[in-house]
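For reference, the structure discussed in these notes is given below.
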Amino acid sequence: MSRSIDAAALAAALPGALRKLDPRLMRRNPVMFLVLVGAVLTTVLAIAEPFLGGPQPSGGTATPASFTAGIAAWLWVTVLFANLAESVAEGRGKAQADSLRQTRTSTTAHRLADGRTEEVSSADLRVGDLVEVVAGQLIPGDGDVIEGIASVDESAITGESAPVVRESGGDRSAVTGGTRVLSDRIVVRITAKPGETFVDRMIGLVEGASRQKTPNEIALNILLASLSIVFVIVCLTINPIASYAAAPVSLPVLVALLVCLIPTTIGALLSAIGIAGMDRLVQRNVLAMSGRAVEAAGDVTTLLLDKTGTITYGNRRASEFLAVDGVAPEELTRFAALTSLADATPEGQSILALAGSSPDLPRGAEIVPFTAQTRMSGLDLPDGSQVRKGAAGAVAAWAGSGSEQLDALVDGVSRTGGTPLVVAARDRSGAVRILGVVHLKDVVKDGIKERFAELRAMGIRTVMVTGDNRVTAEAIGAEAGVDEVLAEATPEQKLELIRREQAGGNLVAMTGDGTNDAPALAQADVGVAMNTGTSAAKEAGNMVDLDSDPTKLIDIVRIGKQLLITRGALTTFSIANDVAKYFAIIPAMFAGVFPGLQVLNLMQLGSPASAILSAIVFNALVIVVLIPLALRGVRYRAASASSILGRNLLVYGLGGLIAPFIGIKLIDLVVSLLPGF
């Protein structure tokens, strides 16, 4: 789905924006509620003016007949644009919600009870029920696989066409209602009530219906409301004070002044910024259970990352062939490739890739598969010779002897955190030769070291968590460039580490997928559960990664920071652009009585009436101009907080100060052409 903002997107959001004009909805936004009250008040005055003898002079200056009507019209436009921003943000989740609803249709479930199977509607299932699902059937509700293994199509939820494997007894046992079993048979224990499933929560979240305001957003709303109250008091006291030395200011002008004083720009866009932050996560297939989690991601100072699948590729890969004395490297390479011809494991395929070319599997060769007992694999060739590769001890026992040089090669690989595979061959006469060692290593993902350096520049510490021994863990950690390593980690140690970091004032983010990760996910400020994980993990976390990609945690932190920076940048812009409005509207209010105030008319606006109307028009237009930025977010660059603050003050502070002077002047040139202005 396209994420650009065009005329069609605005038109589609317009009905929603009109519905939001309901005062019961508007009162949740105090700033825009004041603008709505002003729009209603000036509309009533515009209608009543013909019966009252025309518009009343303001500050000793006559106003055109259409002045009050113009103010009223643009105040309505201001409110509409504010609602349009929120409506566009909410509308971006509608398409995904509609597609999710299609997966929520009632299906037939085969419930197991008292040793028999009965057909019931999925709507009648309750927590704890056991259901049987076979190939071709939809899974009727959220649950955990307690029996069997199956290939499942989750494309309706994740958008990923490749099927996934779900099985009992592991960390990949959770299944989602509405997904389809492609092969085999599983028994699922239902873990969610109808109407409270994962899909139901997704629908509410992507539409914004379940979005709760975050603490920072609430605090900013309180600040904006407080400022608005202060400016209301200021406007109410102007006429009593001004009446001693000047003619009173008319009510439409006072309303215009109030609207220009209060921070309408950020008040209009604040809700849209929050919704858009969650939407950016949805675009990356991450489901945030609350806006608080997205916001917390922006303040994270410590990242806990699993080694396998996050920092490394997850499968050990062949990195080099180490031949013993007297064996040509080419011979070791050929025999290592020969032992891997029938090895479908990632390690075996990586040996073939490192060899560069693979020999043909000899006709009549007998494949010797790897087993936990032998810890070897290889081939028995038709001529009676044999080749093996496997653990050093197992191959040495098969060969009947080892050597000091072999031990040195094996120890050297082990000290670097790698896994040594010994290759040996037995000829037809029964003579055995140890050929050398294949060095298997956890391969650190491309670019991960640079990403960690980027995080360090953002002030974020990275901690690699692994069950590996300390030697292996520290070798991988040094290569990846993490700040700290937690080796041989247990669930209790993870939880203790998180609590220790939080006690030091840090906000912690981590990923997990197993039931044993649930306590740590619940304790972390940002807990990202993998969609492939258990229901316990998904319930404990405050985000779910539908792609089950642990590296997504780094992107989540960037999106959180982008949300906070966008909110701060637009708040800065909103406050800064009010300055130009003061220079437009305040001189215009009393220009007829105090001509000396013309020195403040820096923009040389045409008349008091055109100056006031131009400020109101700009106040409305700037909202719709900033909608794309609020939804897209301010571009985030990895840098220190002081550097980001300085850049935003320069771009959005200075820019917000200068842009309105230009915009109001251009609008004034157009307004001055209207009759009476």
Side-chain angles (χ1 to χ4, degrees), residues 1-6 9 13 84-100 157-160 201-214 216-217 220 266 269-300 303 451 454-455 458 460 509 511 525-529 531 541-571 626-638 644 648 652:
M1 186 178 81
S2 173
R3 295 284 167 178
S4 60
I5 302 299
D6 51 22
L84 192 64
E86 185 174 3
S87 187
V88 169
E90 291 176 352
R92 298 171 78 173
K94 298 294 185 184
Q96 184 166 353
D98 290 342
S99 66
L100 288 171
I157 306 297
T158 66
E160 187 63 47
R201 285 186 291 164
M202 283 184 68
I203 291 171
L205 288 165
V206 298
E207 286 189 319
S210 302
R211 193 186 82 89
Q212 300 296 317
K213 291 183 178 179
T214 63
N216 284 351
E217 192 175 346
L220 186 54
I266 186 61
L269 298 174
L270 188 58
S271 181
I273 293 170
I275 295 172
M278 296 184 72
D279 181 69
R280 282 193 290 275
L281 280 177
V282 171
Q283 291 177 47
R284 289 164 176 79
N285 264 8
V286 176
L287 184 64
M289 298 305 176
S290 70
R292 182 191 296 265
V294 185
E295 194 171 83
D299 288 326
V300 160
L303 282 185
R451 296 192 77 175
E454 194 175 298
L455 289 170
M458 295 156 52
I460 297 174
T511 60
D525 299 285
V526 179
V528 184
N531 191 44
N542 48 27
M543 291 189 187
V544 176
D545 177 15
L546 302 181
D547 294 332
S548 299
D549 176 8
T551 59
K552 197 79 68 71
L553 184 57
I554 298 173
D555 295 325
I556 290 170
V557 170
R558 294 179 65 91
I559 291 171
K561 287 191 174 294
Q562 187 183 35
L563 169 66
L564 296 179
I565 290 170
T566 301
R567 187 185 295 157
L570 291 184
T571 300
L626 290 176
I627 288 177
L629 181 61
L631 300 184
R632 185 180 65 251
V634 174
R635 180 177 296 179
Y636 173 70
R637 295 182 177 87
I644 293 172
N648 284 348
Y652 296 97

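Position 1 is the first residue of the sequence, and the numbers go up from there.
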Inset, instruction - Under the salt bridge (charged side-chain N to carboxylate O under 4.0 Å, His left out) rule, collect the residues that match up with Lys552, sequence neighbours excluded. - result: Asp545, Asp547
How far apart are the closest heavy atoms of [X] and [Y], and which atoms are they?
X	Y	value
Ala276	Ala630	CB-O, 3.7 Å
Tyr636	Arg558	O-NH2, 3.6 Å
Arg632	Gln562	O-NE2, 3.6 Å
Ala85	Ala272	O-CB, 3.6 Å

Inset, instruction - Would you please name every residue forming a side chain to side chain contact (heavy atoms under 4.5 Å, CB included) with Ala509, sequence neighbours left out? - result: Val300, Leu303, Val526, Leu553
Inset, instruction - Would you please name every residue forming a side chain to side chain contact (heavy atoms under 4.5 Å, CB included) with Leu281, sequence neighbours left out? - result: Val286, Ala288, Val294, Met543, Ile556, Ile559
Inset, instruction - Could you tell me whether the side chain of Thr566 and the main chain of Val634 form a donor-acceptor pair under 3.5 Å? - result: yes
Inset, instruction - Look at the side chain of Arg284 and the backbone N and O of Arg280, then say whether any donor-acceptor pair between them is shorter than 3.5 Å. - result: yes
Legend entry - Residues which pass side chain to side chain donor-acceptor pair (under 3.5 Å) with Asp555, listed by chain and number, not counting sequence neighbours: Arg451
Legend entry - side chain to side chain donor-acceptor pair (under 3.5 Å) involving Asn648 - partner list, sequence neighbours excluded: none
Inset, instruction - Measure the shortest side-chain to side-chain distance between Tyr652 and Thr571 over non-hydrogen atoms and say whether it is less than 4.5 angstrom. - result: no
Legend entry - Interatomic spacing from CG in Leu631 to CG in Leu626 - rounded to 0.5 Å: 10.5 Å
Legend entry - Spacing of Ile273 atom CD1 and Ile627 atom CD1 [to the nearest 0.5 Å]: 11.0 Å
